[in-house]
Colleague: 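Input: one structure, supplied below.
By convention in this document, chain letters (A, B, ...) are assigned in the order of the sequence lines, proteins followed by strands, and residues within each chain are numbered from 1. As the structure is a prediction and not an experimental result, all values here were calculated from the model.
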There are 2 protein chains.
Amino acid sequence: MKDLIPEATVRRLSHYLRCIEMMEKCCYGENLQSKDLARMCSISDSVVRRDLSYFGTFGIKGVGYDLKRLKDSIKRILGLTEKKKVVVVGVGNIGRALIGYLSRVDGFEVVAAFDNDPQKIGKKIGKIKIEDAVNITPITANLNAEIAVVAVPSDEAQKVVNRLVKGRVKGILNFALVPLKVPDDVTVRYIELLTELEVLTYNIKKRRKS
Amino acid sequence: MKDLIPEATVRRLSHYLRCIEMMEKCCYGENLQSKDLARMCSISDSVVRRDLSYFGTFGIKGVGYDLKRLKDSIKRILGLTEKKKVVVVGVGNIGRALIGYLSRVDGFEVVAAFDNDPQKIGKKIGKIKIEDAVNITPITANLNAEIAVVAVPSDEAQKVVNRLVKGRVKGILNFALVPLKVPDDVTVRYIELLTELEVLTYNIKKRRKS
DNA sequence: TAGATTGTTAATCGATTAACAATC
DNA sequence: TAGATTGTTAATCGATTAACAATC
């Protein structure tokens with residue numbers, strides 16, 4: 001169990017988990033081989049084994065992996081043993097979509113939503129009442145929510161994040177297009193929709209030429 | 001102008017562009033230095049210069065870059081010279097959010113939306129009428145849309161993508177949690193919201209330990 | 001010219017890959 | 001045992017970094 005795990009490896013663990021869950025649904029059988037998992041993820045089998053080996057040994061040489069045990073192991077590695085509480089800040093298009101999305105995903109649960117628009121504060125989205133963004137810190141701390149989705153305009157993002165950090169949030173999924181400053185014990189993941197679209201246009205242009 | 005550009009470099013060009021646009025708004029001045037751009041992006045200045053040098057020389061030694069010229073250069077590099085037509089497939093939470101988001105972004109324009117739910121087909125979202133997903137190919141080809149957003153359930157994604165490819169789409173922003181098979185001249189970018197959340201939980205767990 | 005910042009190079013760092021020894 | 005697949009190693013590949021020569 002090494003100390004520094006490539007981020008790509010952690011991402012792939014998440015992919016493996018999803019594949020295994022699909023395999024379970026398809027009655028794939030109890031024994032799973034790195035070759036099959038690799039095929040499903042469109043990668044090579046040595047990557048699968050390399051990734052898993054960062055965290056221990058999970059298979060039997062000459063045989064393969066026990067589907068159910070591997071699934072549980074990956075869940076444990078990723079920390080998906082209990083439901084995670086999520087707060088959503090910014091109830092525009094993206095924020096609303098995330099609330100809807102997370103309601104249909106198990107493993108995560110939206111426990112609060114915030115906005116600074118008086119028109120929205122007090123209204124409900126599903127079971128969640130929209131709270132005033134000035135109260136992010138106390139409400140988040142009270143609920144013990146560890147994860148936050150930030151879907152506010154870029155120029156408000158850092159202010160919101162400061163409040164979340166004070167409210168003891170440890171992980172942030174950020175849709176705002178600015179780099180966020182957070183303490184060392186808080187991690188941020190960036191979803192940069194505009195950047196992704198621009199990378200697409202770059203690739204389209206490039207391939208047209210070659 | 002080298003042949004293979006790191007993907008990270010292209011992503012950063014998009015960041016630079018955004019920073020420059022913010023600087024323009026803040027009346028930053030006409031001359032821009034790699035040091036300042038780097039600071040804004042929270043990276044080091046040699047990365048900025050290295051990234052730009054893949055595509056040519058844009059600055060003046062001892063002086064810096066002309067803000068406006070650099071902006072235009074990056075736009076040209078990324079292929080952002082004209083509005084790009086986008087079709088959105090899947091009008092659920094995410095699809096709807098993307099339609100809303102793109103309506104407020106210039107450079108991209110949603111020209112069609114598709115779903116396979118009879119309840120939704122024929123309805124409108126803003127100015128866009130929701131079309132039947134069986135007609136993806138002819139409608140997309142007709143509109144000459146090069147980019148598609150795929151926001152359908154995972155098990156429908158590949159089918160939808162096949163239709164888009166037939167309709168001459170060249171770039172796909174995919175929110176479905178499956179690897180997509182596309183021809184060489186089509187690029188796919190993956191937005192894996194669930195994976196991002198799982199990477200967050202992994203990081204949270206890890207940092208708590210250390 | 002002197003001062004400054006770019007563009008580029010070489011060294012470092014880290015991830016991926018492929019091959020194979022270990023072993024069920 | 002023979003056959004098979006894992007876990008791990010060494011080699012390759014590619015990106016980042018830092019330093020500096022070029023030059024405005």
Colleague: Measure the distance from CG on L70(B) to C1' on dT5(C) and round it to the nearest whole Å.
Modeller: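 After rounding, the gap between these two atoms is 14 Å.
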Colleague: Are the side chain of Q33(B) and the backbone N or O of V63(B) linked by a donor-acceptor pair below 3.5 Å?
Modeller: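 Between the backbone of V63(B) and the side chain of Q33(B) there is a qualifying donor-acceptor contact (under 3.5 Å).
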Colleague: Going by side chain to side chain contact (heavy atoms under 4.5 Å, CB included), name the residues that satisfy it together with T57(A), two or more places apart in sequence or in a different chain.
Modeller: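 Counting only residues at least two positions away or on another chain, T57(A) forms no side chain to side chain contact (heavy atoms under 4.5 Å, CB included).
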Colleague: Measure from the side-chain N and O atoms of S154(A) to the backbone N and O of L177(A), and report whether any donor-acceptor pair falls under 3.5 Å.
Modeller: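 Yes; judged by distance alone, with no hydrogens or angles, the pair exists.
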Colleague: Quick one: F58(B) CZ to dG7(C) P, roughly how many Å, whole number?
Modeller: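 About 8 Å, once rounded to whole Å.
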Colleague: Has M23(B) got more than 12 heavy atoms of other residues, nucleotides or ligands less than 6.0 Å from its CE?
Modeller: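 More than 12 heavy atoms, drawn from other residues, nucleotides or ligands, come within 6.0 Å of this atom.
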Colleague: Please produce a list of atom pairs where a protein N or O lies less than 3.5 Å from an N or O of nucleotides 10-14 of chain C.
Modeller:
none

Colleague: Which part of the nucleic acid, if any, lies within contact of T57(B), taking any heavy atom under 4.0 Å across all strands shown: a base, the sugar-phosphate backbone alone, or nothing?
Modeller: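 Counting heavy atoms under 4.0 Å across all strands, the contact made by T57(B) is with sugar-phosphate only.
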Colleague: Got a sec, which pairs hit salt bridge (Lys or Arg N to Asp or Glu O under 4.0 Å) with one end in residues 155-170 of chain B, sequence neighbours left out?
Modeller: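 Checked against salt bridge (Lys or Arg N to Asp or Glu O under 4.0 Å) - neighbours excluded - the pairs reaching residues 155-170 of chain B are K170(B)-D185(B).
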Colleague: Taking V160(A) as the fixed residue, which of I172(A), L180(A), I136(A) is the one that meets the side-chain contact (heavy atoms from CB on, under 4.5 Å) rule?
Modeller: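 Option passing the side-chain contact (heavy atoms from CB on, under 4.5 Å) with V160(A): I136(A).
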Colleague: Can you tell me how far C1' of dG7(D) sits from CZ of F55(A), to the nearest Å?
Modeller: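 Distance, rounded to whole Å: 15 Å.
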Colleague: Checking D115(A) now: which residues fulfil salt bridge (charged side-chain N to carboxylate O under 4.0 Å, His left out) with it, not counting sequence neighbours?
Modeller: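 If we apply the salt bridge (charged side-chain N to carboxylate O under 4.0 Å, His left out) test to D115(A), skipping adjacent residues, the hits are K120(A).
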Colleague: Extract from the structure each pairing of a protein N or O with an N or O of nucleotides 21-24 of chain D at less than 3.5 Å, listing the distance.
Modeller:
| residue | atom | partner | partner atom | Å |
| --- | --- | --- | --- | --- |
| dC24(D) | O4' | K61(B) | O | 3.4 |
| dC24(D) | O2 | K61(B) | O | 3.3 |

Colleague: Where does DNA chain C form stems of at least three consecutive Watson-Crick or G-U wobble pairs, each pair having both distances below 3.5 Å?
Modeller: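 Correct response: C:3-24 with D:3-24.
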Colleague: Are L193(B) and I94(B) side-chain neighbours, meaning at least one heavy-atom pair lies under 4.5 Å?
Modeller: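 With C-beta onward as the side chain, the pair touches.
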Colleague: So, is Y54(A) near the phosphate of dT16(C), with a side-chain N or O under 4.0 Å from OP1 or OP2?
Modeller: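 For dT16(C), neither OP1 nor OP2 has a side-chain N or O of Y54(A) closer than 4.0 Å.
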Colleague: What is the distance from CG of L52(B) to P of dT5(C), rounded to the nearest Å?
Modeller: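 The distance from CG of L52(B) to P of dT5(C) comes to 16 Å, rounded to the nearest Å.
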Colleague: Round to the nearest Å and state the distance from E7(A) atom CD to dA15(C) atom P.
Modeller: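 Result: 10 Å.
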Colleague: Given atom CG of L67(A) and atom P of dT6(D), what is their separation to the nearest angstrom?
Modeller: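 To the nearest whole Å, that distance equals 13 Å.
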Colleague: What residues form a side chain to side chain contact (heavy atoms under 4.5 Å, CB included) with N135(B), not counting sequence neighbours?
Modeller: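 In terms of side chain to side chain contact (heavy atoms under 4.5 Å, CB included), with neighbours along the sequence ignored, N135(B) is linked to D132(B), P138(B), I139(B).
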Colleague: For E24(B), what residues pass the salt bridge (charged side-chain N to carboxylate O under 4.0 Å, His left out) criterion, not counting sequence neighbours?
Modeller: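 Salt bridge (charged side-chain N to carboxylate O under 4.0 Å, His left out) list for E24(B), sorted by chain: K71(B).
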Colleague: Going by number, which of residues 31-45 of chain B have a non-hydrogen atom under 4.0 Å from DNA chain D?
Modeller: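 Close to the strand, none.
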Colleague: Tell me which donor-acceptor pairs under 3.5 Å the side chains of residues 144-153 of chain B have, and how far apart each pair is, sequence neighbours excluded?
Modeller:
| residue | atom | partner | partner atom | Å |
| --- | --- | --- | --- | --- |
| E146(B) | OE2 | R208(A) | NH1 | 2.8 |

Colleague: Check side chain to side chain contact (heavy atoms under 4.5 Å, CB included) between S103(B) and all other residues, then give those that pass, not counting sequence neighbours.
Modeller: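 Side chain to side chain contact (heavy atoms under 4.5 Å, CB included) check on S103(B) returns nothing, list empty.
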Colleague: Please report the distance, rounded to the nearest Å, between CD1 in I5(B) and C1' in dA15(D).
Modeller: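 That distance rounds to 12 Å.
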Colleague: Using only side-chain N and O atoms of R12(B), determine if any of them is under 4.0 Å from OP1 or OP2 of dA15(D).
Modeller: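 Checking dA15(D) against R12(B), no side-chain N or O comes under 4.0 Å of OP1 or OP2.
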Colleague: Just N and O in the side chain of R49(A): are any of them under 4.0 Å from OP1 or OP2 of dG7(D)?
Modeller: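 No, because none of the side-chain N or O atoms of R49(A) sits under 4.0 Å from OP1 or OP2 of dG7(D).
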Colleague: Contact between R96(A) and I125(A) at the side-chain level, heavy atoms closer than 4.5 Å - yes or no?
Modeller: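 Yes, close enough: below the 4.5 Å cut-off.
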Colleague: Looking at residues at least two apart in the chain, or sitting in another chain, which of them share a side chain to side chain contact (heavy atoms under 4.5 Å, CB included) with E7(A)?
Modeller: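 With sequence neighbours excluded, E7(A) shows a side chain to side chain contact (heavy atoms under 4.5 Å, CB included) to R11(A), R189(A), given in chain and number order.
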